[in-house]
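These numbers were taken from a predicted model, which means no experiment stands behind them.
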Amino acid sequence: MFKPTATFRNETAGLDLFEEIKRLKEEKNAIILAHYYQDSDIQDIADYIGDSLGLSQQAASTNADMIVFAGVHFMAETAKILSPSKKVVIPDLRAGCSLADSCPPDQFKAFCDQHPDHTVISYINCTAAIKAITDIVCTSSNAVQIVQSLPADEKIIFAPDKNLGRYVMQKTGREMVLWDGACMVHEIFSREKIIKLKERYPSALVIAHPECETPVLELANFIGSTTALLKFSKNNPATTFIVATESGILYQMVKDSPEKTFIPAPPENNCACNDCPHMKLNTLEKIYLCMKNEEPSIDVEEAIRIPAERSIRRMLDISAKLGL
Ligand code: 13P
Ligand code: SF4
């Protein structure tokens, strides 16, 4: 039985949280959506675990009355934008995202106004207000294809992740105007330490998320979203992988391929910086409490939700046409 920590001891003392969450799921016709960066016990209780694209597709199509979003704020907000009539709850309202924070809406609006003839593509890791002034949203699963779906001479602003933007420019051969944002977790990996690890494990493959900086991506044998990294590690015959993304994904990698070795790519210093501090705010106790209390819940005002939904649906439509 899961043992509650001090924070919520009074409300959850003596409860079997796995059983209680299962009971609330039925009682409230709820679905638990979890990102791969969540702790293993949350991944185990989830109805669906996935990357940002998969999670938004699930949020758009579910018949549940309540969506419990075990992820960060922009993900729960995306679910609410796509399913406004449903109750969307998040275990901890403080679970933000350094990348989304790196793009304040007023500054971004001014930036877009400086490039009026540009189509705006925004990575899903941004606020609803940014999505509302975006033409097409993308995720790390489909960013390359979304850019390629536009005519070759179309001028593009890409925001907020400059690392993903640079990667997409390199893959497509297209110039884009990049917003100067980044993820605190994916910028922490050390190229020098990865090179040393490669010397120690010469047959290991480096697999990396495109939010990593170019010097790290240059070392990668494979680059992709969390779902793509998971599939690659499962299907590739190699037995050792150095994994340059948030550490939560290793749980599913080991589950899928218990005979293989997964080494988290080392950060610059000796911290646990490849744990996303925002994702890791969520706990089983908080999941139980947000289901029971039906809060914190997410609301998005219609003036923002409607244009934000348009830019997300454009992404979902292009992805569906391409079979992504
Ligand atoms: P994906 O879910 O697209 O792999 O992106 C990872 C991420 O940083 C989510 O915050
Ligand atoms: Fe944001 Fe980075 Fe955490 Fe993903 S890993 S939620 S991009 S801070």
Side-chain angles (χ1 to χ4, degrees), residues 1-97 100 124-125 185 226-227 230 246-252 254-255 272 275-300:
M1 191 174 84
F2 182 82
K3 292 207 171 47
T5 54
T7 329
F8 299 110
R9 193 174 289 143
N10 292 343
E11 277 193 77
T12 59
L15 294 180
D16 181 334
L17 290 173
F18 282 104
E19 282 309 315
E20 287 299 314
I21 290 170
K22 269 189 213 153
R23 183 183 62 74
L24 285 172
K25 261 200 303 198
E26 276 190 28
E27 187 185 307
K28 309 214 174 196
N29 187 26
I31 185 172
I32 302 180
L33 305 181
H35 192 270
Y36 287 123
Y37 295 164
Q38 293 294 284
D39 278 337
S40 53
D41 50 0
I42 297 179
Q43 294 191 36
D44 284 343
I45 199 84
D47 297 291
Y48 177 84
I49 320 161
D51 67 0
S52 303
L53 178 61
L55 289 164
S56 58
Q57 287 165 333
Q58 289 290 321
S61 63
T62 180
N63 293 322
D65 295 318
M66 177 191 273
I67 299 173
V68 183
F69 216 112
V72 293
H73 191 271
F74 77 79
M75 296 178 172
E77 208 174 43
T78 301
K80 184 67 182 179
I81 291 166
L82 290 167
S83 288
S85 61
K86 297 186 193 305
K87 173 133 260 179
V88 178
V89 291
I90 183 165
D92 193 319
L93 207 47
R94 296 168 304 162
C97 169
I124 199 163
N125 298 34
V185 178
T226 42
T227 297
L230 182 61
E246 211 269 358
S247 60
I249 187 70
L250 270 77
Y251 180 59
Q252 293 300 326
V254 173
K255 239 176 149 178
D275 274 347
C276 172
H278 308 288
M279 290 276 183
K280 297 313 200 242
L281 281 173
N282 296 330
T283 63
L284 269 195
E285 294 150 300
K286 292 180 193 171
I287 287 181
Y288 163 73
L289 289 170
C290 77
M291 292 176 79
K292 177 172 165 261
N293 301 327
E294 302 194 7
E295 59 177 26
S297 67
I298 304 288
D299 278 308
V300 182

Listed pairs under 3.5 Å, donor-acceptor, residues 69-79 side chains, sequence neighbours left out:
{"from": "Glu77", "atom 1": "OE1", "to": "Ala128", "atom 2": "N", "distance (Å)": "2.9"}
{"from": "Thr78", "atom 1": "OG1", "to": "Phe74", "atom 2": "O", "distance (Å)": "2.7"}
{"from": "Thr78", "atom 1": "OG1", "to": "Lys131", "atom 2": "NZ", "distance (Å)": "3.4"}

Determine yes or no for a side-chain-to-main-chain donor-acceptor pair under 3.5 angstrom, with Ser56 supplying the side chain and Leu53 the backbone. yes
Taking the side chain as every heavy atom from C-beta outward, state whether Val185 and Pro277 have any pair of such atoms under 4.5 Å apart. yes
Spell out, as yes or no, whether a donor-acceptor pair under 3.5 Å connects the side chain of Lys280 to the backbone of Asp275. no
How far does CD of Gln38 sit from SG of Cys276, to the nearest 0.5 angstrom? 9.0 Å
Heavy-atom closest pair (Ile31 atom, Ala64 atom, distance to 0.1 Å) is CG2-CB, 3.6 Å
Give the minimum heavy-atom separation between Gly248 and Gln43, together with the two atoms involved. O-NE2, 3.3 Å
Any ring-ring contact (aromatic ring centres under 6.0 Å, His included) involving residues 34-66? Give me the pairs, sequence neighbours left out, ordered by first then second residue. His35-Tyr37
Indicate yes or no for a side-chain donor-acceptor contact from Asn125 to the backbone of Ala100 under 3.5 Å, with no hydrogens or angles considered. no
Partner residues of Asp44 under the salt bridge (Lys or Arg N to Asp or Glu O under 4.0 Å) criterion, sequence neighbours left out: Lys255
Heavy-atom pair of closest approach, residues Ala95 and Asn282: CB-OD1, 4.3 Å
Heavy atoms of Ala34 and Leu55 approach each other most closely as O-CD2, 3.6 Å
dist Thr12:OG1 -> Leu17:CG (nearest 0.5 Å) comes out at 5.5 Å
Going from CD1 on Ile287 to CD1 on Ile42, what distance comes out if it is rounded to the nearest 0.5 angstrom? 4.0 Å
Backbone N or O of Lys286 within a donor-acceptor pair of the Thr283 side chain at under 3.5 Å? yes
Enter the distance from Phe18:CZ to Leu284:CG here, rounded to the nearest 0.5 Å. 5.0 Å
Within the side chain of Lys86, is there an N or O that forms a donor-acceptor pair under 3.5 Å with the backbone of Ile67? no
Applying side chain to side chain contact (heavy atoms under 4.5 Å, CB included), run through Tyr251 and Asp39 and close with a yes or a no. CA-CA 8 Å; Tyr251 180 59; Asp39 278 337; over 6 Å; no
State the CD-CE distance between Glu294 and Met66, to the nearest 0.5 angstrom. 4.0 Å
Report yes or no: does Asn293 contribute a side-chain atom to a donor-acceptor pair with the main-chain N or O of Glu295 at less than 3.5 Å? no
Would you please name every residue forming a side-chain contact (heavy atoms from CB on, under 4.5 Å) with Ser297, sequence neighbours left out? Lys87, Val89, Asp299
Note: Asn63 and Asn29 closest approach over all heavy atoms is O-ND2, 3.6 Å
Glu20: what forms a side chain to side chain donor-acceptor pair (under 3.5 Å) with it, not counting sequence neighbours? Arg23
Considering non-hydrogen atoms only, spot the tightest contact between Cys290 and Val68 and give its length. SG-CG1, 4.0 Å
Spacing of NZ belonging to Lys22 relative to CD1 belonging to Ile32, to within rounding of 0.5 Å: 10.5 Å
With Lys292 via side-chain contact (heavy atoms from CB on, under 4.5 Å) - residues at least two apart: Glu11, Leu24, Tyr288
